[in-house]
Structures are given as structure tokens and as C-alpha cells.
Amino acid sequence: MKNTDTKALTETDAKDGEIMEPQNTLTRQFTQREWEALKEFREKLPETFAEGYPDDPKASERVITLWGVNIDPMAPAVDARVSVVLMKFLRARNLNVDEARDMFVSTLRWRTSINIDEVLKEEFPEDVFGNVGHIFGRDRQGRPVVYNIYGGNNLTEVFSDTARFIRWRVALHEKSISLLDFTEIDQTVQIHDYLGVGLTSRDAKSKAAASEATNIFQSHYPELLYKKFFVNVPTLMNWIFWAFKPLLPAATLAKMSVVGTGHHALGKALLPVIDAEELPKRYGGEVDGW
């Protein structure tokens, strides 16, 4: 779907005799300041690609695919979805073009180092990861919903191989991103379920793996999260979250909600965002789920 002809997804307008570039629902929401930063960023793409792929002498003119969107450094304005993708790096760095460029270069190099294509082909053991993460349903605006289950009884095995866990977690994230069209929808909703988790549930390995995954998503998957719910959170962990609240950026806090336990509490928090017909019963919805 995402590699289809962009003419079917965008339109070209003319204004005062000037041919305007293709637009979509998301690019029409850009501010003037964002457009200015984007145009400057796009001009730097050939050198950015060259730095991102230092072993490729033709990298400055190489077309790459990121999150299902083809990006041509020599003609980035022909597809509005490219603008949406690039804007994510700009917004993550407060429209500082040089910092957004550095982040983009780092992301290109990281994807090479982890061998992202092979990660997406890898088959992970169902008995280990089958109940740890799920992509199920969409929110009321059509965003995919991703569930991360932290209270399973096989967490020791899940985190026994940190590198494998990271590959699995990245593959799950990439799978959820593949459901975005970057025309109408460009973010996901995440639900982190802590049912059965206590302060002693996580060992050093699990904490290290979770920390590494968090760093990867913050560094290489910017602005792809719409809302994150922490549900079935034990009272003590809830208290710890609120203790650290003053240390979190306002933009981060705006995307986070901590919810206790119980059908009523879960439904009250989640149903305004996710329709009951898209939400599993265990979270206050009407469907069986997975």
C-alpha cells in the first residue's frame, strides 16, 4: 500500500503561477516555520545520505526505503509522505535542521548496523515471545494499537538473550509502523500492561534490555507515538511514576497516562481513545482480543 503510485495519494495545486508540491492530509497541517525547516532539511539530503552510508560512494543519489516510504535525496518533494517522515526528525529536534540531520544520519547508520532487513525476516520463537507483544485493533482515528505485556510468567526466557529481545522488539515496532500510511495516519497508540509485575519482578537483564529498547526508540523512531497508556500499574509503581513526573518533559507527559487496575478504571481511560469494538474485554472493551 505504501509503495503505490503517490499520485493516487496526493494532489498538485497551482498558486500564482507557481507549481506547488504534492500535499496530503498530514502535510497540510505543517506550519510555515515547519515548511521552512523542511525545505532546508531536504536540501541537505544528498550529503546526509553520504554521511549515513559512508561505504557507498553513490549514497548521495541512492533511493532508500524508510518505514515503507521511498526517499529520493535528489527529489524528496515528489512524495508528500517523504515530507511527513522527515518532519518527524525535525519536530523531535525542535526544528533545528542540523540536529535533525544528525539524528537522521544516526538512524541510517543504526539501521545498517542492526541489519534491519534481516531482523524483519527473522522468525522468533512463539513460545517465548507469543504472549509478550501484540498489535490489535485501531483507535478512533485509525491509529494501530500495540500491546506490550510485562507480567508474563516466562520473562526470564524473554530477556535471557538481550540482543534477541532487541531484535524482536524492533521487529514488532517496525510491523506496527508498516500499518501507517503517512498520508492520514502517522502514529501508533501503545498500551503497556503491568498486571502481575512487582518491584522484584525485573532483574538486571530485563532492566538493561528495556533501557536499551527505550534508547533505540527515542533515537531512531521519532514522533511515531500518539499516546502511551501504562495499565494495571501496582500502587507503589504508580507512586514512583508520579515522584519522577517533575523530571519528565511536558511533551512526554502529555502522551502518557498511568491507569490502575479494574475493568471500570481501564475502560474509563481507554474507551475515549479506542472504540469498544476495537478494545479487548480485559481492558474494558467488547472483543476477545488475541
Side-chain angles (χ1 to χ4, degrees), residues 1-15 17-120 170 173-174 177-178 180-183 186-187 215-224:
M1 173 67 180
K2 287 197 279 186
N3 284 320
T4 55
D5 186 352
T6 58
K7 291 181 180 179
L9 301 174
T10 60
E11 61 184 27
T12 302
D13 301 320
K15 182 180 180 181
E18 178 185 359
I19 301 299
M20 307 299 289
E21 65 183 72
Q23 301 287 318
N24 64 29
T25 299
L26 297 172
T27 60
R28 291 191 184 96
Q29 298 173 21
F30 293 176
T31 66
Q32 182 61 36
R33 185 164 167 259
E34 287 177 332
W35 275 114
E36 291 171 357
L38 176 63
K39 291 176 181 178
E40 182 181 347
F41 189 15
R42 292 192 303 209
E43 291 176 358
K44 296 177 181 289
L45 282 183
E47 64 187 65
T48 300
F49 277 34
E51 190 173 338
Y53 299 105
D55 297 329
D56 184 353
K58 296 184 178 181
S60 63
E61 55 191 48
R62 168 185 171 187
V63 178
I64 69 164
T65 301
L66 178 63
W67 307 332
V69 177
N70 291 334
I71 304 177
D72 184 347
M74 308 304 293
V78 300
D79 186 344
R81 297 172 302 163
V82 173
S83 298
V84 175
V85 169
L86 296 179
M87 184 58 66
K88 293 188 173 299
F89 290 87
L90 285 165
R91 287 173 174 168
R93 293 297 180 259
N94 298 313
L95 302 186
N96 184 307
V97 176
D98 289 335
E99 291 183 5
R101 177 186 175 279
D102 289 344
M103 187 183 196
F104 196 76
V105 167
S106 176
T107 295
L108 296 181
R109 291 184 173 183
W110 171 79
R111 293 177 74 84
T112 299
S113 68
I114 198 174
N115 200 345
I116 193 69
D117 291 335
E118 292 303 311
V119 168
L120 297 180
V170 166
H173 199 49
E174 289 274 340
I177 293 172
S178 72
L180 307 177
D181 60 16
F182 295 99
T183 299
D186 66 337
Q187 292 181 311
N215 181 62
I216 286 172
F217 297 142
Q218 290 177 345
S219 301
H220 306 306
Y221 294 92
E223 299 296 313
L224 288 164

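Along the sequence shown, the residues carry numbers beginning at 1.
Using a 4.5 Å cut-off on side-chain heavy atoms (C-beta onward), Trp110 and Ile216 make contact. A 4.5 Å side-chain heavy-atom check between Leu90 and Leu38 finds at least one atom pair inside the cut-off. Counting heavy atoms from C-beta on, the side chains of Val84 and Val69 never come closer than 4.5 Å. By the 4.5 Å heavy-atom criterion applied to side chains, Pro222 and Arg93 are not counted as neighbours. A heavy-atom distance below 4.5 Å is not found between the side chains of Val78 and Asp72. You'll find the side chain of Thr112 stays beyond 4.5 Å of the side chain of Asp55, heavy atoms only. With a 4.5 Å cut-off on side-chain heavy atoms, Gln23 and Ser83 do not count as touching.
By the salt bridge (charged side-chain N to carboxylate O under 4.0 Å, His left out) test, Glu223 pairs with Lys255, sequence neighbours left out. By the side chain to side chain donor-acceptor pair (under 3.5 Å) test, Gln187 pairs with no residue at all, sequence neighbours left out. With sequence neighbours excluded, the residues forming a salt bridge (charged side-chain N to carboxylate O under 4.0 Å, His left out) with Asp56 are Arg62, listed by chain and number. In this structure, the side chain to side chain donor-acceptor pair (under 3.5 Å) partners of Thr107, at least two apart in sequence or on a different chain, are His220. Arg111 is linked by a side chain to side chain donor-acceptor pair (under 3.5 Å) to Glu174, counting only residues two or more places apart in sequence or in another chain. With sequence neighbours excluded, the residues that form a side chain to side chain donor-acceptor pair (under 3.5 Å) with Arg91 are Glu34.
Salt-bridge check for Glu21 with Arg42: passed, with a basic side-chain N closer than 4.0 Å to an acidic carboxylate O.
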Report task. Let me see the working for Lys88 and Asp186 under salt bridge (charged side-chain N to carboxylate O under 4.0 Å, His left out), right down to the final yes or no. Result -> CA-CA 9 Å; Lys88 293 188 173 299; Asp186 66 337; 2.9 Å; yes
Report task. With side-chain contact (heavy atoms from CB on, under 4.5 Å) as the test, would you mind laying out the steps for Ile116 and Val170 before giving the verdict? Result -> CA-CA 9 Å; Ile116 193 69; Val170 166; 3.6 Å; yes
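Rounding to the nearest 0.5 angstrom, the gap separating the CG atom in Leu26 from the OG1 atom in Thr183 is 7.0 Å. Of the inter-residue distances, the one linking Glu36 atom CD with Phe30 atom CZ reads 13.5 Å to the nearest 0.5 angstrom.
Listed here is the closest heavy atom pair of Val97 and Ala37: CG2-O, 3.7 Å. Residues Ala80 and Asn24 approach most closely at CB-ND2, 3.5 Å, considering heavy atoms. Closest approach of Lys44 and Arg101 over heavy atoms only: CD-CD, 4.1 Å. Across Leu108 and Thr48, no two heavy atoms sit closer than the pair CD1-O, 4.4 Å. Of all heavy-atom pairs between Ser60 and Pro73, the closest is O-CG, 3.2 Å.
The backbone N or O of Asn96 sits nowhere less than 3.5 Å from a side-chain atom of Asn94 that would complete a donor-acceptor pair.
By the 30° and 60° cut-offs, the orientation of the rings of Phe49 relative to Phe104 is parallel. Ring geometry for Phe182 versus Trp67: interplanar angle under 30°, hence parallel rather than tilted (30 to 60°).
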